[in-house]
Amino acid sequence: MINFFSLEAFKLRHKLRAWLGPLLIMILVLIAFPLSIDISQYDLNKFYFSVIVVSLLMISFLATESIFSEDYEDGSLEQIHLEEKDFYKITLAKILVHVLFIGIPMALIGSIFSFANGVSLAEAPKIFVILSISTLILFNVFAFGSALSINKGSMLGVVASLPLALPAIVLLGRGVRTVQYGQGFFEVSVLMAGVALIVTALMPIIISATLKTHLE
Amino acid sequence: MQLVTADNLGYSINEKRLFHNLTFSLNSGSGLHIKGGNGSGKSTLLRIILGLTSPSKGGVEYCKPNLQVSYLGHKNAIKHYLTPMQNLELMFRSSALQNAMKWMNTLGLNKVQDELTANLSFGQQKKLALIRIFASQSDLIVLDEPFVGLDNASRDLLNEFLQKKLASDTSLILTSHIEPNILCSELVLSGETDD
Amino acid sequence: MFLGFSCLAMGWIWGLAFAPEDAIQGNSYRIIFLHVPASIMAQLIYFFMSICALMHLVWRVKLAAYLIKSAAPVGVLITFIALFSGSIWGIPTWGTWWQWDARITSTLILFIMYLGIITLHSSFSNAEKADRLMSILVVVGVVNIPIIKKSVDWWSTLHQPASISISDGASIDPSMLYPLTISIFGMALTMIALGILVSKLYILTREKNKKWVQSHV
Amino acid sequence: MFNFSFTDFHDFLTMDGHGIYVWTVYLVTFALIAGSFLIVRRKLNVFKRKLENASE
């Protein structure tokens, strides 16, 4: 498993476009929002979180768009199937590498921006924890979406996996609200961590079945 | 000793039948050359033997429990944004890597070792993909049109390598329009299958 | 099918004409005889599709995949009716035609899921592969159904709690209850009839070059 | 149970102001359901005819 993890990290490190692109776009989105409409700082504090949440949703979709299509197109998926007979390990490795290299930085950017908009320094790490847990959930769900529509364009992936991502967003929203009102943070974050772990454990099984169907 | 046996294999896609009741068996150390026109299902048959695709009828059994297979299909399975050197690191772990490096020199790829694979010619990319076959220990080698795009020197190299492998009890299944000068039994897939 | 039509008609007429006026909402509550059956059916159809999906994935029953593919458009229709009637009903009672209430949003998500299933199936040329992928999506999507069911209690927003919840009996008085049950029954029969009709068409199109299709026609 | 709860037919139509909503919903639903039945039935017949002259 470690070997798969290092192989995936090796591949992603060399593909700057897939790694850095989403992060830059996220920064752009978070900057563009306040510029587009001139809002008073007071209002901004109140609903800036929804901008961060929506951009997180959008960017995590963008980041996982070609997570499998590259290996599918150039035939490496077939080679893996010969050795491994199952894609569970490679899928888990891919998702974790993407979360580590793209998800966590995204959460970092999100919490920095939330800090710039009225969140005190003490609460910024809380935001970071919640955002990174939710990137884990979102990456799993959207990886499933991109596995479904592996070479048929990403629109199909979104239509299929967005309904599954929305409950996660509601959970994230609930978590963010606890930070704003300052209580109940621990319970919600533990709940989210639980959901994230279950999803991370189960989703690769479904994705591996999907990939096998594609290879048929 | 029998390595792979297939009994009345049949495959149809969207109710169109590609081939049906194919029965053959392959002993270790012997070769099987699958012939047939374009679209007669050669590649699909290979994929069924490899277990990638499940046949509509019949089945394939492997007589050896965990059979080591090395396969080269139409897709080269190499990463274009990496250099040949890095591609080898992806394919092989430490011990086999030395062996693969040796093959890279014999195939004359060491000149372009640090260039991006994307800028290599089709033939060079094919040679890089073939290293996966040369440098791996496997009981069964499956090749889909291996000779396409290779220059004569590499073709002879491949033929000689395959003969050596057949001698050392590894079996081979390949499809190729270019006649390989290896002695192997033949299986012809007729294009239109009558019911 | 005629049984379905007649049942539905009876439920509606009874609900429209004879059921007494609701104390709070006046007459606009009569839409309930349409909205509740529609949303119940929307979820039941998805539940039916997930059973077919399991059958297709586990036992490779080809017919199950055909049933999913033909039940999906019926699901789209009924979910649209549920959403449409819910929003129209919202105008007199809540003042706006669209409320970000948990139950309505989840039904909207269900609507998107139905569309997703149809688009997924139609974008693959190889039919068997499309069937299997669709079944996988349906099985994974079924997790959303309990969320819809529970969404009312979790986020206790302004949506009316379920009129007939199995556990604590009906929260509306009998004179409205009978027409409601009849129209639910009627709607179910009508949708089943429509589903059978669509699947008849779809099975024929999928198996058109098989022997039994020629003899049947 | 079966007492007609409206004073007269006119009241039945207007339902003191809410009638417009109730009726639009019922009419649209009826149109959708009946419409889909007809469309599918017509497609079925067209398909059957196509099959018949195809198999002659």
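Proteins come first, then strands; the chains are lettered A, B, ... in the order of their sequence lines, and each starts at number 1.
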Test item: C:I136 and A:T213 side chains (from C-beta on) under 4.5 Å apart, heavy atoms: yes

Rounded distance (nearest 0.5 Å) linking atom CG of A:L148 with atom CE of C:M134: 12.0 Å

Distance (rounded to the nearest 0.5 Å) between A:L164 CG and C:L137 CG: 7.0 Å

Partner set under salt bridge (charged side-chain N to carboxylate O under 4.0 Å, His left out) for A:D71, not counting sequence neighbours: A:K11, A:K94, B:K79

Salt bridge (charged side-chain N to carboxylate O under 4.0 Å, His left out) involving A:K89 - partner list, sequence neighbours excluded: A:E84

Point-to-point distance, once rounded to the nearest 0.5 Å, from CG of A:L215 to NZ of C:K129: 8.5 Å

Partner set under side chain to side chain donor-acceptor pair (under 3.5 Å) for A:K126, not counting sequence neighbours: none

Interface residue of largest heavy-atom contact number with chain A, from C:T119, C:L120, C:I112, under 4.5 Å: C:L120

Residues of residues 187-206 of chain A near chain C, each having a heavy atom less than 4.5 Å away: A:I206

A:K212, NZ atom: more than 12 neighbouring heavy atoms under 6.0 Å: yes

